[in-house]
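Here the structure is laid out as C-alpha cells; the discussion comes afterwards.
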Amino acid sequence: QVQLMESGGGLVQPGDSLRLSCAVSSRFSLDYYAIGWFRQAPGKEREGIGCVGRSDGATDYEESVKGRFTIARDSAKNTVYLQMNSLKPEDTAVYYCAAQNIRGSTWCPIRPSLYSNWGQGTQVTVSS
C-alpha cells in the first residue's frame with residue numbers, strides 16, 4: 001500500500017508562486033511509482049496537471065500549465081514537488097497527487113483514471 005499527503009496550499013495573489021509537496025509513504029521507494037498531480041475546481045471534473053515517471057522518468061504537463069508549473073521528485077525525502085509560478089485565478093482548485101506503478105516504463109499518464117493511490121488534497125486559492 002502507498003499513502004500520499006499533500007501540503008503547501010494556501011491563498012495567494014495572481015502572479016504569485018506556490019510550491020506544493022506530496023509526501024509518499026510506502027514499503028517501496030519513491031522511484032517505484034509514477035506520480036501525477038491533479039486538480040479539481042468546484043463544479044468541475046478532476047483534471048490532470050502533469051506527472052513524472054518512475055525513477056526520474058519523463059515529465060508531461062497539461063497545456064494550460066506548461067511553462068508555469070514544474071514537477072520534481074526528491075527520492076531521498078520521498079517527496080514530489082509541484083512548483084507553480086505566475087498563478088492565475090483559474091488555477092484555484094483542490095490539488096491532489098497520486099501514485100501508480102507503471103510496470104516496465106518511465107512513462108507517466110496524466111489521466112486520473114489510471115491512478116489508484118490518492119492523497120486527500122490541498123486547497124489553492126488565487127485571488128486578489
Side-chain angles (χ1 to χ4, degrees):
Q1 289 285 15
V2 56
Q3 294 180 322
L4 302 97
M5 181 175 293
E6 304 90 340
S7 62
L11 172 63
V12 297
Q13 294 187 341
D16 283 353
S17 297
L18 201 60
R19 188 178 76 163
L20 305 183
S21 299
C22 173
V24 180
S25 177
S26 171
R27 66 188 183 101
F28 299 106
S29 77
L30 179 62
D31 288 345
Y32 186 76
Y33 300 101
I35 303 294
W37 280 98
F38 304 85
R39 65 187 179 187
Q40 188 165 17
K44 295 188 176 181
E45 292 187 357
R46 191 168 297 187
E47 64 173 350
I49 300 170
C51 61
V52 58
R54 56 184 293 175
S55 301
D56 274 333
T59 54
D60 196 11
Y61 298 92
E62 191 269 333
E63 276 303 316
S64 69
V65 305
K66 279 184 179 178
R68 298 191 299 127
F69 291 11
T70 304
I71 296 171
R73 65 162 77 212
D74 185 337
S75 296
K77 295 183 178 180
N78 285 337
T79 301
V80 177
Y81 302 100
L82 175 66
Q83 177 68 43
M84 304 186 294
N85 299 328
S86 302
L87 282 162
K88 306 175 181 180
E90 51 263 43
D91 294 318
T92 295
V94 178
Y95 283 70
Y96 301 88
C97 60
Q100 187 65 36
N101 174 239
I102 308 296
R103 296 183 184 275
S105 175
T106 56
W107 168 78
C108 65
I110 303 182
R111 287 168 54 194
S113 62
L114 296 181
Y115 288 83
S116 54
N117 305 287
W118 290 83
Q120 295 300 306
T122 185
Q123 176 71 45
V124 173
T125 302
V126 185
S127 175
S128 55

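Computed from a predicted model, the values in this text were never measured in an experiment. Atoms considered below: every heavy atom in the structure, side chains included; atoms not considered: hydrogens, waters and symmetry mates.
Taking CG of L11 as the start and OG of S127 as the end, the distance is 6.5 Å to the nearest 0.5 Å. How far CE of M84 is from CG of L87: 5.0 Å, rounded to the nearest 0.5 Å. A distance of 6.0 Å separates CZ of F28 from OH of Y33, quoted to the nearest 0.5 Å. Note that CG of L18 and CD of Q83 are 8.0 Å apart. Values are rounded to the nearest 0.5 Å. A distance of 10.0 Å separates OH in Y96 from OG1 in T122, rounded to the nearest 0.5 Å.
Counted within 6.0 Å of CD on Q3, heavy atoms from surrounding residues, nucleotides or ligands total 12 or fewer; the atom is thus considered open.
Y81 and L20 fall into different hydrophobic clusters, where Ile, Leu, Val, Met, Phe, Trp and Tyr are joined by side-chain heavy atoms under 4.5 Å apart, directly or via other members. Hydrophobic clustering of Ile, Leu, Val, Met, Phe, Trp and Tyr side chains at less than 4.5 Å, counting indirect connections, unites V52 with L30. By the criterion of side-chain heavy atoms lying less than 4.5 angstrom apart, applied directly or through intervening Ile, Leu, Val, Met, Phe, Trp or Tyr residues, I110 is not grouped with I71; the two fall into different hydrophobic clusters. Residues L4 and I49 fall within the same hydrophobic cluster, defined by Ile, Leu, Val, Met, Phe, Trp and Tyr side chains chained together at heavy-atom separations under 4.5 Å. Each of M5 and L82 belongs to its own hydrophobic cluster when Ile, Leu, Val, Met, Phe, Trp and Tyr are linked at side-chain heavy-atom distances under 4.5 angstrom.
Across all non-hydrogen atoms, the minimal contact from T79 to S21 is CG2-CB, 4.0 Å. Here the shortest heavy-atom pairing between A41 and T92 reads CB-O, 3.7 Å. Across all their heavy atoms, C108 and A34 have their closest contact at CB-CB, 4.0 Å.
Between Y115 and W118, the ring planes lie perpendicular to each other; the angle is over 60°, past the 30° to 60° tilted range.
Between the side chain of E6 and the main chain of Q120, a donor-acceptor pair closer than 3.5 Å is present. Between the S128 side chain and the Q13 main chain, no donor and acceptor come within less than 3.5 Å of each other.
For residues 100-109, the set of pairs meeting the side-chain hydrogen bond (donor to acceptor under 3.5 Å, both in side chains) definition, not counting sequence neighbours, comprises Q100-S116. Counting only residues at least two apart or on different chains, the side-chain hydrogen bond (donor to acceptor under 3.5 Å, both in side chains) pairs with a member in residues 38-53 are R39-E47, R39-D91, R39-Y95, Q40-R46.
The side-chain heavy atoms of D16 and V126, taken from C-beta on, include no pair separated by under 4.5 Å. Counting heavy atoms from C-beta outward, D60 and C51 have side chains that approach closer than 4.5 Å.
Remark: the S26 side chain and the Y32 side chain contain no N/O donor-acceptor pair separated by less than 3.5 Å.
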Steps toward side chain to side chain contact (heavy atoms under 4.5 Å, CB included) verdict (Q123, V94): CA-CA 4 Å; Q123 176 71 45; V94 178; 3.2 Å; yes
